[in-house]
Number of protein chains: 2
Amino acid sequence: MKKAVPKRARTKQKRLSPDDRRREFVARATEFFSEEGFDGGTRDLARRLGVTQPLLYRYFPSKDDLIKEVYRTVYLEPFDAGWEELLTDRSRPLRERLQEFYQAYTDVIFSRRWLRIYFYAGLKGLDINRWYIGVVEDKILARIIGECRYEAGLPEQGKPTASELEMAWVLQSGIFYYGVRKYIFESPVLDDKKQVIDDALDVFLAGFKQVFAAADYPQRVPVKAVG
Amino acid sequence: MKKAVPKRARTKQKRLSPDDRRREFVARATEFFSEEGFDGGTRDLARRLGVTQPLLYRYFPSKDDLIKEVYRTVYLEPFDAGWEELLTDRSRPLRERLQEFYQAYTDVIFSRRWLRIYFYAGLKGLDINRWYIGVVEDKILARIIGECRYEAGLPEQGKPTASELEMAWVLQSGIFYYGVRKYIFESPVLDDKKQVIDDALDVFLAGFKQVFAAADYPQRVPVKAVG
DNA sequence: GATGTTGTTTATCGCCTGATCACCAACTAT
DNA sequence: ATAGTTGGTGATCAGGCGATAAACAACATC
């Protein structure tokens, strides 16, 4: 019906390089999918981007490919290589290191965008979540356990036991879920992240020390676990 | 094309009462939606039930109404009135009560079905999750705090402070997320729920006691919090 | 055994979805 | 100016969706 009439009037917007434009699409698609879930329509997405729907297919072969790129940016973005060093820097008190780490880490992942994408992906059963959990165990929790052992004067046998890891997970999840309650469920929470983290660390460090002082070490379950 | 030919051969299945049949539909729909998410199609659902799709609309006015019933069964199912009494029964050691409670509670909610529905609903932003979180705070966490205070010889002023609640949340979430890792992400975990709970409780109780012994009570933030 | 009621199916409607194609518009190089 | 390449659009397709209507099957009652 309508003829293709030049849509002059928004040519003000200067052209970006192809790569930049693509990146912009991915970034805004991330925002979009974090709200609508991955079942959000390509038409709605295109409208949000201010373009028409078929154009998406010039930049991404399929919706699924676009989604994969969204995952990549979300999951790779957060990890700061400096964190491992921070956690293991024994010239500083452990509590201080943990405080600083969890402040920084939660600054990155405590956002509606990140947390929602994380759970949407998780519910889809994608490997990427399992991979991420593995990274958290290796790069964060294992180090924390190592430092706690050191602090408690215990032998630093190579890898942490499975039950030690689970204890570190309780700390990690306890803090993590504060963000979930706040940004996903939008439930009322104590609006002082720092205090929540500090209290969690106080409880954990005091409790961990005491539990491990009494621990019957050699008998603990070795690290291999089952799904 | 095809004429309505009698589909004899499975009339063995005796007729249930309308209410029972309805309940059966809801139960199996719960299972279905927990796997596929609430965007799962009514045709697939009907196939799973062994009936045709329009039949669903004889039992439920719309897909949304069916989903609402799914929520209701999932969210109301778990709460056992006895738990409040269990938690506050001071004739037994606190640690023992907490152990028993968390064993029982996680027996109910640690299932792929329950956890997935919980997060699908949460991501949709439904009030029901906020309501559930409120119930957990009132019926569980507030009691736990009260008992911990008692145990520590502290005054049992009516309601817990917001920061005390957050500490209890760290324990609750720490245990909860063990189930999330296992049943949603299907990540390898220590396959001994009892030990995970026991360790979490040991760390919490020891840590809590110590933190509260040193607490500057009157200065703590009062209970009202912000979203 | 005819009658009314309830359970179930076939066929279909209108809408929305991801994807494709042919075409136009804009910038670049010659 | 002209040809070529890239950015973007309108129209459209096949398939899936939730929902509805009309007909048929099975049972209960008299």
Side-chain angles (χ1 to χ4, degrees), chain A residues 1-29 32-33 35-71 120 124, chain B residues 1-29 32-33 35-71 120 124:
Chain A
M1 305 277 156
K2 273 194 301 186
K3 265 336 229 352
V5 166
K7 279 278 189 53
R8 318 264 68 258
R10 67 113 193 64
T11 314
K12 297 283 114 174
Q13 192 151 9
K14 72 152 172 268
R15 263 192 173 164
L16 296 121
S17 92
D19 277 12
D20 283 349
R21 187 119 172 87
R22 197 184 152 88
R23 262 187 286 275
E24 195 206 352
F25 277 15
V26 173
R28 305 193 56 185
F32 173 79
F33 286 127
E35 288 305 323
E36 307 295 324
F38 293 113
D39 291 312
T42 53
R43 272 164 249 262
D44 285 350
L45 169 57
R47 195 172 312 126
R48 183 109 124 202
L49 296 176
V51 299
T52 52
Q53 182 244 7
L55 185 60
L56 296 173
Y57 290 84
R58 177 131 317 203
Y59 287 86
F60 310 94
S62 77
K63 185 186 177 185
D64 246 35
D65 288 273
L66 168 54
I67 289 177
K68 267 177 199 138
E69 298 227 21
V70 168
Y71 289 141
Y120 274 124
K124 282 230 248 170
Chain B
M1 308 275 160
K2 274 194 296 184
K3 267 331 232 351
V5 167
K7 279 279 187 54
R8 318 262 68 260
R10 67 116 190 63
T11 314
K12 297 283 115 177
Q13 191 151 10
K14 73 153 171 267
R15 262 189 173 165
L16 295 122
S17 92
D19 278 14
D20 283 350
R21 186 121 172 86
R22 196 184 152 88
R23 263 188 285 275
E24 197 208 349
F25 276 16
V26 174
R28 305 193 55 185
F32 173 79
F33 286 126
E35 287 304 323
E36 307 295 325
F38 293 111
D39 292 312
T42 53
R43 272 163 248 264
D44 285 349
L45 168 57
R47 195 173 310 128
R48 184 109 123 201
L49 296 176
V51 299
T52 52
Q53 180 244 6
L55 186 59
L56 295 173
Y57 289 84
R58 177 128 318 200
Y59 287 87
F60 311 93
S62 75
K63 184 186 178 184
D64 247 34
D65 288 272
L66 168 55
I67 289 177
K68 267 176 199 138
E69 298 227 22
V70 168
Y71 289 142
Y120 275 124
K124 280 228 247 171

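Every chain is numbered from 1 and lettered A, B, ... according to where its sequence line falls, protein lines coming before strand lines. Not measured: the values here are computed from a predicted model.
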For the student: nearest non-hydrogen atoms of B/Tyr120 and B/Glu36, plus distance
OH-C, 4.0 Å
Of the options D/dA11, C/dT9, D/dA19, whose atoms approach the side-chain atoms of B/Thr52 most closely?
C/dT9
Let me know the distance between CG of B/Leu56 and P of D/dC17, rounded to the nearest Å.
13 Å
By the 4.0 Å heavy-atom rule, please label B/Phe60 as base, sugar-phosphate, or nothing.
nothing
State, to 0.1 Å, how close A/Leu45 and A/Ala29 come at their nearest heavy-atom pair, and which atoms those are.
CD1-CA, 3.8 Å
Counting only side-chain N and O atoms of A/Thr42, is one of them less than 4.0 Å from OP1 or OP2 of C/dG18?
yes
From the candidates C/dA11, C/dG18, D/dC17, the one with an atom nearest any side-chain atom of A/Arg43 is C/dG18
Rounded interatomic separation in angstrom, taking CG from B/Leu55 and P from D/dA25:
16 Å
Below 4.0 angstrom from OP1 or OP2 of D/dT20, is there any side-chain N or O of B/Arg58?
no
Is the backbone of A/Arg48 close enough, under 3.5 Å, to the side chain of A/Arg28 for a donor and an acceptor to pair up by distance?
yes
Gap between atoms CZ and P, on B/Arg47 and C/dT9 respectively (whole Å)
13 Å
Nearest to the A/Tyr57 side chain among C/dT12, D/dG8, C/dG18, which nucleotide is it?
C/dG18
Whole angstrom is fine here: how far is it from CG in B/Asp19 over to C1' in C/dG7?
15 Å
Among C/dG18, D/dT20, D/dA19, the nucleotide that comes nearest once only the side chain of B/Gln53 is considered
D/dA19
Locate the shortest heavy-atom distance separating B/Leu56 from B/Thr42; write the atom from each residue and the value.
CD1-O, 3.6 Å
How many whole angstroms separate atom NZ of B/Lys63 from atom P of D/dA19?
8 Å
What is the distance from OH of B/Tyr59 to C1' of C/dT8, rounded to the nearest Å?
9 Å
Can you check the B/Arg22 CZ to C/dG7 P distance for me, whole Å?
12 Å
Could you tell me how far apart B/Arg21 (CZ) and D/dA26 (C1') are, to the nearest whole angstrom?
13 Å
With distance as the sole test, does B/Lys63 use its side chain to make a donor-acceptor pair with the main-chain N or O of B/Phe38 at under 3.5 Å?
yes
